[in-house]
Amino acid sequence: MSTMGDGTRAVRAGLPVPEQFEPPLPGPVFAAHFHLSGDPTGPYTYGRDTNPTWTHLERAIGELEAPGEEVETTVFASGMAAITSVLLSQVRSGDAVVLPDDGYQALPLVREQLEAYGVEVRTAPTGGDARLALLEGAKVLWIESPSNPGLDVCDIRRLVEAAHAAGVLVAVDNTLATPIGQRPLELGADFSVASDTKGMTGHGDILFGHVTCRDPRLTADVRRWRKIAGAIPGPMEAWLAHRSLATLHLRIDRQCTTALALAEVLAKRAEVTGLRYPGLPGDPSHPVAARQMRRFGSVVSFELADREAAERFLSALRLVDDATSFGGVRSTAERRGRWGGDAVAEGFIRFSVGVEDPEDLLADVEQALNAAAR
Ligand SMILES: *Cc1c(COP(=O)(O)O)cnc(C)c1O
């Protein structure tokens with residue numbers, strides 16, 4: 001199974017063995033409890049512990065995260081539920097964790113909470129080697145690569161080797177790449193974590209998250225945390241997520257191809273500075289990204305002169321919605337500085353490329369840049 005192509009794997013991922021008169025992907029199972037007599041054993045007992053719709057999806061995501069390997073996936077109601085399940089199930093007061101200081105904008109909130117529980121939090125940027133010096137005595141190293149929104153990339157294998165040598169567990173937030181863009185477990189990570197709200201489900205209509213581990217003890221910790229926190233996805237969302245996986249390769253391939261084309265167009269514009277796309281050959285992240293990523297993602301970031309120029313550009317776009325989040329089938333863009341919290345310039349734009357016809361999208365971007373320059 002590990003030799004087949006990503007598309008072939010994606011369309012069949014997690015499907016049960018075909019049965020006469022049954023659908024290929026069974027519909028969502030809505031159940032708070034299951035018939036259960038005698039001792040409470042067996043796969044399905046209570047709806048906060050397990051659900052058959054999750055089981056199909058968890059197998060599907062596992063097949064994409066580590067083809068041909070024995071791994072276990074745990075699905076969650078959101079990316080943040082997945083992230084906190086890893087951190088809060090692993091650390092105890094007195095432990096230390098290493099977080100990026102340029103990662104997802106809720107990480108500073110996570111930091112505050114960890115510190116309130118007596119956990120020491122050490123931070124350093126995604127790019128460069130600063131984190132190597134922070135590993136000694138830590139419990140977990142948290143990696144986000146490419147980072148959101150700055151699109152820096154770090155050498156995951158190298159950090160994993162240093163972390164494991166120091167007895168530190170490694171989790172990778174793989175949201176931006178998705179498992180068909182990058183496979184953290186193959187790069188040595190202990191946890192592959194993602195917000196599947198983004199490219200993984202790709203339609204901007206559900207929140208979702210998952211954690212995949214090779215070590216059954218780590219999976220048990222994460223499942224126990226899900227049970228305690230109750231951060232469980234609804235069966236309808238789980239089913240929609242599974243349905244969306246069948247087009248993952250089509251969506252991501254189109255998005256990545258157009259993202260590179262967009263980056264090439266932007267690179268030629270004098271008013272665009274700070275352009276970042278890990279797939280662009282001249283990008284500082286490209287050499288490392290090319291070694292560890294299989295697809296470079298749907299997000300391109302860049303700067304216009306100031307807040308006003310960025311707002312003029314966004315409002316002149318006709319095919320691109322001004323909205324947050326990324327990875328969806330419809331292109332979106334936003335002035336990231338409007339949220340506060342990210343260390344970005346006022347004119348910084350995070351652009352998420354959808355699956356529109358590339359020539360339409362690129363023409364729209366060019367006319368909006370022209371309009372913004374006036
Ligand atoms: C969106 C995002 C999250 C949070 O996911 P939710 O599904 O919104 O909870 C975490 N990490 C990254 C990199 C993200 O982009």
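Not measured: the values here are computed from a predicted model. Read the numbers this way: they start at 1 and go in the same order the structure lists the ligands and their atoms.
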- Basic-acidic side-chain contact under 4.0 Å: Glu69, Arg214: yes
- Message: For Arg269, is the CZ atom crowded, meaning more than 12 foreign heavy atoms sit under 6.0 Å from it?
- Response: yes
Atom pairs and distances, ligand 1 N/O vs protein N/O under 3.5 Å:
{"from": "ligand 1", "atom 1": "5 (O)", "to": "Ser195", "atom 2": "OG", "distance (Å)": "3.0"}
{"from": "ligand 1", "atom 1": "7 (O)", "to": "Gly79", "atom 2": "N", "distance (Å)": "2.8"}
{"from": "ligand 1", "atom 1": "7 (O)", "to": "Ser195", "atom 2": "OG", "distance (Å)": "2.8"}
{"from": "ligand 1", "atom 1": "7 (O)", "to": "Thr197", "atom 2": "OG1", "distance (Å)": "2.6"}
{"from": "ligand 1", "atom 1": "9 (O)", "to": "Gly79", "atom 2": "N", "distance (Å)": "3.1"}
{"from": "ligand 1", "atom 1": "9 (O)", "to": "Met80", "atom 2": "N", "distance (Å)": "2.8"}
{"from": "ligand 1", "atom 1": "11 (N)", "to": "Asp173", "atom 2": "OD2", "distance (Å)": "2.7"}
{"from": "ligand 1", "atom 1": "15 (O)", "to": "Asn148", "atom 2": "ND2", "distance (Å)": "3.2"}
{"from": "ligand 1", "atom 1": "15 (O)", "to": "Lys198", "atom 2": "NZ", "distance (Å)": "2.7"}

- Taken in chain and number order and not counting sequence neighbours, the residues that satisfy ring-ring contact (aromatic ring centres under 6.0 Å, His included) with Phe302 are Phe313
- Message: Could you check whether Asp6 pairs with Arg294 (Lys NZ or Arg NE/NH1/NH2 to Asp/Glu carboxylate O, under 4.0 Å)?
- Response: yes
- Message: Please report whether the ring centroid of His286 lies less than 6.0 Å from that of Phe296.
- Response: yes
- Pair Arg338 + Glu334, salt bridge at N-O below 4.0 Å: yes
